[in-house]
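Along the sequence shown, residues carry numbers from 1. Computed from a predicted structure; not experimentally measured. Ligands are counted one by one from 1 in listed order, and the atoms in each one are counted from 1 as well.
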Amino acid sequence: MAVILIVDDEAGVRASLGGVLRDEGYTVDAVDSGEACLEQVTRKAYDLLLLDIWLPALDGLDTLARLRERGVESQVIMISGHGNVENAVRATKLGAFDFIEKPLSLDKTVLAVRNALRQHHLEAENRALRARVDRRFVIVGESPLMQELREQIAMAAPTNGRVLISGENGTGKELVARHVHTLSQRSSGAFVEVNCAAIPEELIESELFGHMKGAFTGAVGDRRGKFELATGGTLFLDEIGDMSLKTQAKVLRALQEQVIEPVGGQRGVRVDVRVIAATNKNLIEEIRAERFREDLFFRLNVIPIFVPPLRDRGDDVIRLANHFVAELAQEYGRRVKRFSLEAEHMLRLFRWPGNVRELRNVAERVLIMAPGDEIGASDLAFLGVASPATLRDPSGAPVVRPLHSARDAWERDYILAALSVCDGNISRTAEVLDLERSNLYKKMRSLGIGPTRD
Ligand SMILES: Nc1ncnc2c1ncn2[C@@H]1O[C@H](COP(=O)(O)OP(=O)(O)OP(=O)(O)O)[C@@H](O)[C@H]1O
Ligand SMILES: [Mg+2]
């Protein structure tokens, strides 16, 4: 139950108000001055303050101002015997929720208290939810490739142009799509997602365009499609490369005409959506293989955004690992763990075929499984990477192999580590290794290190 503090210099008011609110089930304390109030709030957290405006030394409004300066977030109701507009305006600006006037009507007071607490509760809940959502949607990464990506997002977002996001599995394509929406002029509209790969072919049309009652068996009522639901907002067509040619033709028409036709409907419905599409396929190859329509590709690909694989992002892998461990620790109510230097090294060396999604899963696994506060090399043994110095077989015995293969392995790891320190920048890596850029390239190719970009 809520905890309330009454601040009033009249003993009678403290007693009667306190009595009524206690009868309502609240926990109530009372003090007789602004100074005492400022002191009392440092001792205990109050959900609500009932604050008299006229107090002997420090008056109610000044007390409120100081409370706010100190970051006290309790809800506040002002009590006043001499309600005037100026006071009301000042108090409201300082964030007071309501006024009650002396002589106090007890019924009205109880009602005001209830409303104030309900509002306070909603605000707190809202803040908590927002913080959670914000944390889930941050893009972590400082490497040059990620900085470039951020710039591309910022440039694309306000234009209203269609965006085609490409990148391997788990690189963060959906996250990028959400950011484009959030930074756009449509951010107050809906972000509607359709996973084209997950919906059976016979349902996708009705999913996208809606249907009318009786259009097919099972269509028991009218249903609006995702295009319509996204009107005023953004429609995210995920895994667009998996859409059938037949559906592609319909989507193309919808994009060209900004009109959709619900299944079984007689006339078109005008829609106003911004389409963002994503794919992990190479659409140019899909076009060559006649699995993707070239005209649709050109419609969608107004602004292309490429999300780089995790292995090209240098030390972002460490930043992301720490980010996920912190996020998940909070979610599970566990203590945050650190990665040892050796463990960090292994994170850098691993190739991350499943990219950021895989890293998140690994972070979750080690947070739960690793004993103690530090995540060490042994906790990451399942990744199957080993630095040459620690190369051991499953029984823990050192592995001996031909010198050239050991040397290759060592060189490969060393170059990967150097690349990582240089955030994936090849020119800089060549410089610190004192190699010609072209030599470094050649070496990387022969060792099977594949940077996709420079
Ligand atoms: N840069 C990043 N910072 C923080 N979290 C990220 C980042 N990139 C991806 N994630 C997180 O990793 C997970 C996978 O990202 P997302 O779903 O956006 O990837 P995707 O490319 O759409 O994956 P898929 O190809 O599997 O559909 C999500 O939990 C996402 O929040
Ligand atoms: Mg996705």
**OP:** Decide yes or no for Lys337 and Leu367: does some side-chain heavy atom of the first lie under 4.5 Å from some side-chain heavy atom of the second?
**Re:** yes
Subject >> Electrostatic pair Lys226-Glu193, nearest N-O below 4.0 angstrom >> reply: no
Subject >> Taking atom 6 (C) of ligand 1 as the reference point, the nearest protein heavy atom with its distance >> reply: Leu175 CD2, 3.4 Å
Original post:
Does the distance from a Lys or Arg side-chain N to an Asp or Glu carboxylate O, for Arg291 and Asp242, drop under 4.0 Å?
Top reply: no
**OP:** Provide, to 0.1 Å, the distance between atom 26 (O) of ligand 1 and the closest protein heavy atom, together with that atom's residue and name.
**Re:** Arg357 NH2, 2.9 Å
Subject >> Closest protein heavy atom (residue, atom, distance) for atom 4 (C) of ligand 1 >> reply: Val138 O, 3.3 Å
**OP:** Note the single closest protein heavy atom to atom 20 (P) of ligand 1, along with its residue, its atom name and the distance in Å.
**Re:** Lys173 N, 3.4 Å
Original post:
Do the numbers put Arg365 on top of the ring of Phe382, so that NZ or CZ is under 6.0 Å from the six-membered ring centre and no more than 45° off the axis?
Top reply: yes
**OP:** Please confirm whether Gly172 comes within less than 3.5 Å of ligand 1 when only nitrogen or oxygen atoms on both sides are compared.
**Re:** yes
Subject >> Listed partners of Ile318 passing side chain to side chain contact (heavy atoms under 4.5 Å, CB included), at least two apart >> reply: Asp315, Asn322, Glu344, Leu347, Arg348
**OP:** Indicate yes or no: does an N/O atom of Phe324 lie under 3.5 Å from an N/O atom of ligand 1?
**Re:** no
Subject >> Nearest non-hydrogen protein atom, atom 12 (O) of ligand 1 >> reply: Val356 CG1, 3.6 Å
**OP:** Inspect the contact between Glu294 and Arg299 and indicate whether a charged nitrogen and a carboxylate oxygen are less than 4.0 angstrom apart.
**Re:** no
Subject >> Flag, side chain of Arg313 to backbone of Pro308, donor-acceptor distance under 3.5 Å >> reply: yes
Subject >> Distance from atom 22 (O) of ligand 1 to nearest protein heavy atom, with residue and atom >> reply: Glu174 N, 3.2 Å
Original post:
Please state which protein non-hydrogen atom is closest to atom 1 (N) of ligand 1 and give its distance, to 0.1 Å?
Top reply: Val140 O, 3.0 Å
Original post:
In the protein, what heavy atom is nearest to atom 28 (C) of ligand 1, and what distance, to one decimal place, separates them?
Top reply: Arg360 CD, 4.8 Å
